[in-house]
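All remarks here apply to the structure that follows.
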Amino acid sequence: MARVFVYGTLKRGQPNHKVLLDPANGCAAFRGRGRTLEPYPLVIAGEHNIPRLLNLPGQGRLVLGEIYAVDERMLSFLDEFEGCPDMYQRTPLQVTVLEWEGARGAPEETPAADGTLQCFVYSTVTYAPEWVRLPHHDDYDFQGEHGLRYNPRENR
């Protein structure tokens with residue numbers, strides 16, 4: 001099982017969370033909530049108002065999200081779903097665990113003594129230069145105060 005940190009439309013209560021629940025895509029188990037160890041720019045960009053984590057560590061804000069344990073099938077599905085490697089790139093990221101519901105005992109499932117975990121995240125290095133100047137967010141919600149409505153895939 002691999003760990004994936006999700007910060008946008010894949011979180012619980014968000015428009016694309018359903019893909020994590022579909023067994024046809026593989027297995028995904030919620031493990032907890034976390035925050036990036038380093039700041040990153042989380043912006044809402046493009047014609048469909050998609051949340052995007054720009055791969056610029058040290059800039060932006062500490063970003064909140066959810067941690068999932070996923071099997072190889074789900075990881076492959078997420079790679080395709082996220083347009084990896086063209087739109088997003090799957091990269092390792094250190095996450096500070098805020099709440100943990102995951103299994104205890106197996107070392108690969110337990111946060112380190114300092115409360116951190118390494119997870120995969122779908123971030124991007126392929127973005128329009130002006131996106132860096134967009135407002136940075138620390139917690140995405142498709143109905144948030146930002147007023148930028150996400151356009152779901154099925155409506156495109």
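- For Tyr150, the ring pair (Phe, Tyr, Trp, His ring centres under 6.0 Å) criterion is met by no residue, not counting sequence neighbours.
- In this structure, Arg33 contributes its side chain and Ile67 its backbone to no donor-acceptor pair below 3.5 Å.
- Here Asp114 pairs with Thr116 under the side-chain hydrogen bond (donor to acceptor under 3.5 Å, both in side chains) rule; sequence neighbours left out.
- Looking only at side-chain heavy atoms (C-beta outward), Val121 and Arg90 stay at 4.5 Å or farther from each other.
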Could you walk me through whether Tyr40 and Gln59 pass the side-chain contact (heavy atoms from CB on, under 4.5 Å) test, one step at a time?
CA-CA 5 Å; Tyr40 284 84; Gln59 298 182 35; over 6 Å; no
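- Side-chain contact between Gln118 and Leu93: absent, with no pair of heavy atoms (C-beta onward) separated by less than 4.5 Å.
- For the side chain to side chain donor-acceptor pair (under 3.5 Å) condition, the pairs that include at least one residue of residues 134-146, sequence neighbours left out, are Lys11-Asp139.
- With Phe81 as the aromatic partner, Arg153 meets the cation-pi criteria of under 6.0 angstrom to the ring centre and within 45 degrees of the ring axis.
- In the hydrophobic clustering, where aliphatic and aromatic side chains (Ile, Leu, Val, Met, Phe, Trp, Tyr) are joined below 4.5 Å either directly or transitively, Leu134 groups with Val43, Leu54, Leu56, Tyr127, Trp131, Val132.
- A salt bridge links Glu66 to Arg12: at least one charged side-chain nitrogen sits closer than 4.0 Å to a carboxylate oxygen.
- One hydrophobic cluster, built from ILVMFWY side chains closer than 4.5 Å, cannot hold both Ile50 and Val125; they sit in different ones.
- Side-chain heavy atoms closer than 4.5 Å link hydrophobic residues (I, L, V, M, F, W, Y) into clusters, and following such links, possibly through other members, connects Val70 to Val19.
- When hydrophobic residues (I, L, V, M, F, W, Y) are linked wherever their side-chain heavy atoms come within less than 4.5 Å, the members clustered with Leu64 are Leu98.
- In the hydrophobic clustering of ILVMFWY residues, with side-chain heavy atoms under 4.5 Å counting as a link, Leu37 and Val63 come out apart.
- Taking Thr96 as the reference, nothing meets the side-chain hydrogen bond (donor to acceptor under 3.5 Å, both in side chains) condition, with sequence neighbours excluded.
- A distance-only check finds no donor-acceptor pair linking the side chain of Gln94 to the backbone of Glu38 [under 3.5 Å].
- Under a 3.5 Å cut-off, the side chain of Asp71 and the backbone N or O of Met1 do not form any donor-acceptor pair.
- Contact annotation: the side chain of Thr9 approaches that of Pro15 to within less than 4.5 Å [non-hydrogen atoms, C-beta and beyond].
- Residue Glu72 qualifies as open at atom CD: its count of foreign heavy atoms under 6.0 Å is 12 or below.
- Counting only distance, with no hydrogens or angles, the side chain of His17 and the backbone of Leu10 share a donor-acceptor pair below 3.5 Å.
- Residue-environment remark: CD (Glu130) exceeds the threshold of 12 foreign heavy atoms within 6.0 Å.
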